[in-house]
Amino acid sequence: MTDPRSTRAAIRHALGRSAAVVGLQWGDEGKGKIVDLLAAEHDAVVRYNGGANAGHTVAVDGKRFGLHLVPSGVLHKGKLAVIGNGVVVDPDVLMVELESLEAANVDHSALRISAAAPVVMPYHKDEDAAREKLLSTRRAPDVHSADTEPIGTTRRGIGPAYAEKAQRASAVRVGDLVRPKLLRKKIELACEIKNRTLAPLLDGKTYDAEELIAWATGHGERLEPFITNSLLLLQETLADGRTLLFEGANGALLDIDHGGHPFVTSSSTTSLGIGPGTGISTRGLGKVNGVMKAYQTRVGAGPMPTELDNAIGERIRERGREFGTTTGRPRRCGWLDLVSVRHAINLNDCDAVALTMLDVLAGFEELKVCTAYRLDGEEIQYFPVDAVDLSRVEPVYETLPGFSEEIMDVRSFDALPSTAQAYVRAIEDFLGVDAAIVSVGPDRTQTIRRS
Ligand code: GDP
Ligand code: IMO
Ligand code: MG
């Protein structure tokens with residue numbers, strides 16, 4: 001038997017060389033691109049939160065891949081790609097994703113899925129849509145109802161699936177898909193509960209346990225080779241001296257606890273979620289890389305203090321191709337909100353940031369950044385995590401000179417226009433963290449690395 005002390009030392013050592021990539025805004029910061037870039041330096045890429053609400057686009061040699069559940073590291077041949085226990089897994093979406101990877105000749109045999117990850121069931125997606133519909137009928141235009149408007153979810157069943165996990169007995173987990181007796185018991189129980197509670201919300205729709213058992217069993221047969229005890233796998237990987245790259249989904253401002261509740265998603269989207277979402281302690285994690293765009297976007301409802309509902313916002317949307325990977329919805333665009341990003345940096349305890357989409361800002365005479373909020377006549381420096389307060393703040397801007405040249409072909413920081421350099425430095429100074437990566441286009445090669 002190996003000496004337990006040396007095993008623990010090996011795990012700690014490998015964790016110290018491991019890293020995370022997390023989003024610092026309302027999602028879609030370019031995490032997929034940065035994960036793909038950094039995956040080359042690690043042995044495994046691990047998703048720990050969210051589900052198919054995520055849409056991570058990776059561009060390699062002109063080909064674009066839109067990933068929802070499979071970690072972006074899958075595009076590196078042979079790299080271990082792990083879906084951790086904190087991810088809610090929609091087997092229908094996963095199947096489509098695996099097929100599209102096969103069609104593109106991407107080898108996904110190194111994918112592993114945690115047996116403990118909750119399964120998104122069809123009734124979760126129905127409930128998600130029904131709750132949104134109900135909220136939309138309650139909208140009262142004359143009343144300030146920021147807390148009871150539809151959330152604008154992706155309708156991927158994320159909230160109901162996490163709620164079911166917390167409810168326990170009826171929650172189907174990925175490992176149950178290949179345990180026929182338990183699967184039957186859980187689905188029968190779930191159907192009994194859903195048919196009594198959900199039917200009034202769903203215009204009388206009910207669920208047939210046999211149909212759902214057949215659906216789940218079919219997925220279990222296809223997924224069996226991938227299902228594993230992910231905690232053991234990750235511990236063994238570290239003990240062997242191999243390193244992990246944790247891939248965050250969604251963004252810090254969508255965090256269930258520390259985002260602008262209730263316009264958030266249902267998981268811990270920051271580096272704080274890595275522990276529960278994988279079972280690996282982050283106390284000794286080597287590096288947390290935050291990803292932020294050079295401006296701000298948001299999909300779905302909820303306050304966004306720097307939103308530009310004008311020609312400037314439209315220009316950012318067009319140049320940045322700001323349309324959702326998951327739902328195709330146009331993203332709301334605005335000036336960079338440094339107050340909210342600083343909140344995200346602190347939550348994540350970021351070591352460095354990757355600043356993406358700088359190329360999108362070319363051509364503006366001046367660039368604004370929000371450096372404080374005004375609330376009830378007073379300037380505040382913090383991000384109110386309550387949506388009602390957040391919807392009442394006014395952004396306080398600083399104005400910086402813009403740059404006219406296109407920069408997508410620039411590959412070194414010094415070769416950027418001086419005003420673009422000054423924009424990056426102003427961000428670093430405000431946040432107190434270095435932009436170790438500056439991204440000037442979607443492709444792997446369109447990247448400036450400064451460390
Ligand atoms: P994620 O959810 O954080 O992975 O981000 P998405 O993939 O949803 O959205 C980011 C989009 O921007 C994708 O279409 C990327 O290909 C693209 N992208 C990433 N970095 C850059 C960049 O520096 N410049 C431009 N123009 N596009 C980028
Ligand atoms: P990636 O990983 C952008 C938003 C939705 C909605 C809210 C709740 O691509 O950055 P949900 O379906 O999770 O219950 O929706 O959260 N949202 C995202 N927005 N990017 C994402 O993921 C998102 N995941 C959830 O638009 O406002
Ligand atoms: Mg996305």
Side-chain angles (χ1 to χ4, degrees), residues 20-35 47-58 66-68 71-72 86-88 151-154 156 158-159 162 246-274 277 288-307 316 320 322-327 329 331-350 352-357 370 383-385 387 390 427 431 433 437 439:
V21 172
V22 291
L24 299 177
Q25 291 155 315
W26 279 291
D28 306 324
E29 299 89 351
K31 297 177 291 293
K33 166 173 172 166
I34 303 302
V35 168
R47 274 277 305 267
Y48 61 89
N49 78 297
N53 52 353
H56 296 178
T57 317
V58 183
L67 299 167
H68 301 288
S72 303
V87 177
V88 288
I151 293 163
T153 72
T154 57
R156 294 298 180 105
I158 305 299
Y162 277 114
F246 295 101
E247 173 176 352
N250 328 126
L253 307 179
L254 292 170
D255 186 87
I256 179 74
D257 294 295
H258 305 290
H261 200 275
F263 298 99
V264 293
T265 189
S266 305
S267 68
S268 296
T269 57
T270 70
S271 62
L272 298 167
I274 293 173
V288 178
N289 302 283
V291 187
M292 61 182 284
K293 310 191 195 211
Y295 49 89
Q296 209 75 14
T297 65
R298 175 160 208 177
V299 208
M304 176 178 170
T306 63
E307 181 168 13
I316 294 175
E322 294 293 357
F323 298 89
T325 312
T326 301
T327 57
R329 289 178 289 179
R331 296 176 184 148
R332 301 156 61 193
C333 298
W335 295 124
L336 181 59
D337 180 350
L338 287 172
V339 178
S340 64
V341 175
R342 184 171 52 199
H343 170 67
I345 298 258
N346 290 336
L347 285 172
N348 281 292
D349 193 11
C350 283
V353 299
L355 183 71
T356 62
M357 322 272 189
C370 168
F383 179 79
V385 294
L390 188 62
I427 294 168
L431 298 174
V433 62
I437 295 174
S439 173

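- Note: Y48 OH to I274 CD1 = 4.5 Å, rounded to the nearest 0.5 Å.
- By the side chain to side chain contact (heavy atoms under 4.5 Å, CB included) test, S439 pairs with K33, T356, sequence neighbours left out.
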_Assess the residue pair V353 and V433 against the criterion (side-chain contact (heavy atoms from CB on, under 4.5 Å)); give the C-alpha distance rounded to whole Å, side-chain angles, the decisive distance to 0.1 Å, and a yes or no._
CA-CA 7 Å; V353 299; V433 62; 3.9 Å; yes

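- Side-chain contact between V22 and T270: absent, with no pair of heavy atoms (C-beta onward) separated by less than 4.5 Å.
- Looking at residues two or more places apart in sequence or on another chain, you find no side chain to side chain donor-acceptor pair (under 3.5 Å) involving T154.
- Judged as a side chain to side chain contact (heavy atoms under 4.5 Å, CB included), and not counting sequence neighbours, the contacts of R342 are N346, Q381, F430, L431.
- In this structure a side-chain-to-backbone donor-acceptor pair under 3.5 Å is present from R47 to H68.
- Every residue two or more places apart in sequence or in another chain that forms a side chain to side chain contact (heavy atoms under 4.5 Å, CB included) with V299 is listed here: D28, R329, R331.
- The nearest pair of heavy atoms linking P305 to W26 is CD-CH2, 4.1 Å.
- Here the straight-line distance linking atom CG of L355 with atom NZ of K293 works out to 11.5 Å at 0.5 Å rounding.
- For R332 (side chain) and G300 (main-chain N/O), a donor-acceptor pair under 3.5 Å exists by modelled atom type.
- Residues meeting the side chain to side chain contact (heavy atoms under 4.5 Å, CB included) test with T153, sequence neighbours left out: D128, E132, I151, R155.
- In this structure, CD1 on I158 lies 12.0 Å from CD1 on I256, to the nearest 0.5 angstrom.
- The heavy-atom pair separating P303 from A387 by the smallest distance is CG-O, 3.5 Å.
- Here the straight-line distance linking atom CG of L272 with atom CG of D257 works out to 9.0 Å at 0.5 Å rounding.
- A search for side chain to side chain donor-acceptor pair (under 3.5 Å) contacts involving S271 returns nothing, not counting sequence neighbours.
- For E29, the salt bridge (charged side-chain N to carboxylate O under 4.0 Å, His left out) test picks out K31, with sequence neighbours left out.
- Side chain of S340 to backbone of D337: a donor-acceptor contact under 3.5 angstrom is found.
- Note that SG of C370 is 8.5 Å distant from CD of Q296, once rounded to the nearest 0.5 Å.
- The structure places CG of L24 at 11.0 Å from CG of L338, a figure rounded to the nearest 0.5 Å.
- Side-chain contact between L336 and M292 is present, with at least one heavy-atom pair separated by less than 4.5 Å.
- Proximity of a side-chain donor or acceptor of Q25 to a complementary backbone N or O of R298 within less than 3.5 Å is not detected.
- Annotation: ring pair (Phe, Tyr, Trp, His ring centres under 6.0 Å) contacts of F383 (sequence neighbours excluded): H343.
- In this structure, E247 contributes its side chain and S72 its backbone to a donor-acceptor pair below 3.5 Å.
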Between side-chain atoms of residues 258-269 and protein atoms elsewhere (two or more places apart, or another chain), which donor-acceptor pairs fall under 3.5 Å?
from	atom 1	to	atom 2	distance (Å)
T265	OG1	N53	ND2	3.2
S267	OG	N49	ND2	3.2
S267	OG	G50	N	3.4
T269	OG1	G251	O	2.8

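- Qualifying side chain to side chain donor-acceptor pair (under 3.5 Å) partners for Y162, counting only residues two or more places apart in sequence or in other chains: none.
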